[in-house]
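The next block holds one structure in the form of structure tokens; read it before the comments.
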Amino acid sequence: MPPRTRKQDDAAYAEAIRWFRQRVPVSDDDFDKLTERARAQSFRVAGVTQLRLVDSVMRSLDKAIANGETLAKFKQRASGVLARAWGGPHPHRVEAIYRTETQRAYMRGRYRQLTHPSTKNLRPFWIYDAVLDSATTALCRGLNGTTLPLTDPFWATHYPPLHHNCRSGVRALRRSDVAKRGGPTTDVPDLRPDSGFGDTPTD
């Protein structure tokens with residue numbers, strides 16, 4: 001498969017920002033009252049019940065995504081707000097929010113790019129692409145390489161991220177690429193995403 005171009009990355013990046021900015025901040029308490037569709041379009045922070053604080057964290061994430069900021073920069077802005085909401089500092093939770101939400105936004109941007117009619121016609125298969133190292137979960141390791149048509153129901157429940165701190169993604173393949181790999185996956189592992197993850201994006 002040819003390497004991705006800067007133009008492709010920029011397109012996915014722009015879509016990621018657009019998707020994130022369409023989300024609506026909600027308190028942790030109100031989140032439980034929403035429908036599944038509304039939850040998919042909302043932004044919440046576990047353990048934060050004050051809407052103004054949720055909005056503050058969301059604006060900090062927006063800056064991080066739009067400007068390509070590092071985790072350290074996000075922590076500078078958001079750690080104090082979250083420490084007050086949580087009753088103390090929790091750096092690992094702050095990092096999980098940053099990594100999970102930036103990856104979720106980017107993968108939503110990729111989804112809009114990969115489901116564009118011209119892309120779907122050219123590359124009608126998707127492959128689950130996990131980062132394989134000592135931090136890879138059994139879930140993502142087991143699903144790595146799963147190759148199926150983009151219309152397969154699998155993607156409705158297994159579109160990354162599949163858990164907090166998930167680093168996996170999806171790549172689109174031509175029919176010829178799939179044929180060279182021996183065809184689509186016929187025995188998909190029975191592995192389930194964590195609650196609240198894996199759904200395909202909604203506008």
Side-chain angles (χ1 to χ4, degrees), residues 1 4 11-13 15-26 28 30-46 61 65 96-117 119-133 135-175 177-178 181-203:
M1 183 177 176
R4 290 175 51 76
Y13 187 63
E15 288 289 358
I17 297 169
R18 186 166 75 90
W19 177 83
F20 187 82
R21 288 176 175 171
Q22 289 177 338
R23 299 174 75 184
V24 178
V26 298
D28 202 23
D30 289 339
F31 181 82
D32 293 332
K33 304 171 186 176
L34 300 177
T35 64
E36 286 298 320
R37 181 176 178 81
R39 289 182 182 184
Q41 296 172 321
S42 67
F43 174 83
R44 68 146 178 181
V45 178
L61 273 168
I65 295 169
I97 290 171
Y98 170 84
R99 296 196 184 284
T100 300
E101 294 302 333
T102 53
Q103 177 69 352
R104 194 193 299 265
Y106 182 73
M107 288 309 301
R108 266 42 186 175
R110 285 281 290 150
Y111 182 84
R112 287 179 170 172
Q113 182 187 38
L114 296 178
T115 54
H116 188 277
T119 306
K120 288 196 300 182
N121 292 336
L122 185 63
R123 301 175 184 273
F125 285 83
W126 289 352
I127 181 171
Y128 193 92
D129 189 17
V131 175
L132 299 179
D133 57 24
T136 307
T137 63
L139 170 62
C140 288
R141 189 176 298 275
L143 293 174
N144 184 55
T146 298
T147 305
L148 295 165
L150 62 87
T151 55
D152 192 282
F154 170 84
W155 299 115
T157 55
H158 289 77
Y159 186 83
L162 300 190
H163 57 82
H164 289 290
N165 290 320
C166 183
R167 298 169 294 160
S168 296
V170 165
R171 289 188 290 119
L173 301 178
R174 300 172 186 264
R175 295 182 188 276
D177 296 326
V178 176
R181 298 177 62 88
T185 301
T186 56
D187 187 16
V188 180
D190 185 18
L191 298 170
R192 306 298 175 85
D194 288 356
S195 177
F197 290 90
D199 59 302
T200 48
T202 55
D203 288 324

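Values below: every heavy atom of this structure, side chains too, minus hydrogens, waters and symmetry copies.
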Spacing of [atom1] belonging to [X] relative to [atom2] belonging to [Y], to within rounding of 0.5 Å:
| X | Y | atom1 | atom2 | value |
| --- | --- | --- | --- | --- |
| Asn165 | Asp194 | CG | CG | 10.5 Å |
| Glu15 | His116 | CD | NE2 | 9.5 Å |
| Leu143 | Leu191 | CG | CG | 5.0 Å |

Looking at side-chain heavy atoms only, is the closest gap between [X] and [Y] below 4.5 Å?
| X | Y | value |
| --- | --- | --- |
| Ile65 | Tyr106 | no |
| His163 | Thr137 | yes |
| Leu162 | Ser168 | no |
| Phe20 | Arg104 | no |
| Arg123 | Leu173 | no |
| Thr200 | Thr115 | no |

Check: Would Arg108 and Asp199 pass as an ion pair if we require N to O under 4.0 Å?
Finding: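 Counted as a salt bridge, because a side-chain N and a carboxylate O are separated by less than 4.0 Å.
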Note to self: Could you check whether Arg23 pairs with Glu101 (Lys NZ or Arg NE/NH1/NH2 to Asp/Glu carboxylate O, under 4.0 Å)?
What the structure shows: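 Counted as a salt bridge, because a side-chain N and a carboxylate O are separated by less than 4.0 Å.
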Set of ring-ring contact (aromatic ring centres under 6.0 Å, His included) partners for [X], sequence neighbours left out:
| X | answer |
| --- | --- |
| Phe154 | His158 |
| Tyr159 | Tyr111, Trp126 |
| Phe197 | His164 |

Donor-acceptor contact below 3.5 Å, side chain [X] vs main chain [Y]:
| X | Y | answer |
| --- | --- | --- |
| Ser42 | Pro25 | no |
| Trp155 | Pro149 | yes |
| Arg110 | Gly169 | no |
| Thr100 | Ala96 | yes |

Next item on the list: Using the salt bridge (Lys or Arg N to Asp or Glu O under 4.0 Å) rule, collect all pairs that involve residues 151-161, keeping only residues at least two apart or in two chains.
Entry: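 Those involving residues 151-161 do not exist here.
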Test side chain to side chain contact (heavy atoms under 4.5 Å, CB included) applied to [X] - qualifying residues, sequence neighbours left out:
| X | result |
| --- | --- |
| Leu122 | Arg174 |
| Ala135 | Asp133, Arg167 |
| Pro184 | Phe125, Val178 |
| Ala38 | Leu34, Thr35 |

[X]: side chain to side chain donor-acceptor pair (under 3.5 Å) partners, not counting sequence neighbours:
| X | answer |
| --- | --- |
| Arg175 | none |
| Asp28 | Arg44 |
| Arg192 | Asp190 |

Next item on the list: Determine, stepwise, if the pair Leu114 / Val170 fulfils side chain to side chain contact (heavy atoms under 4.5 Å, CB included).
Entry: CA-CA 9 Å; Leu114 296 178; Val170 165; 4.1 Å; yes
Check: Which pair of heavy atoms, one from Cys140 and one from Tyr128, lies closest together, and at what distance?
Finding: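 Nearest heavy atoms, Cys140 then Tyr128: SG-OH, 3.2 Å.
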Margin query: For a quick test of reading the model, state the closest non-hydrogen atom pair linking Cys166 to Pro161 and the distance between them.
Written below: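 Closest approach of Cys166 to Pro161, heavy atoms only: CB-CB, 3.5 Å.
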Note to self: Walk me through whether Phe43 and Val24 qualify under side chain to side chain contact (heavy atoms under 4.5 Å, CB included).
What the structure shows: CA-CA 6 Å; Phe43 174 83; Val24 178; over 6 Å; no
Item checked: Within residues 140-151 or reaching into it, pairs that qualify as side chain to side chain donor-acceptor pair (under 3.5 Å) - sequence neighbours excluded ->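 Sorted pair list comes back empty.
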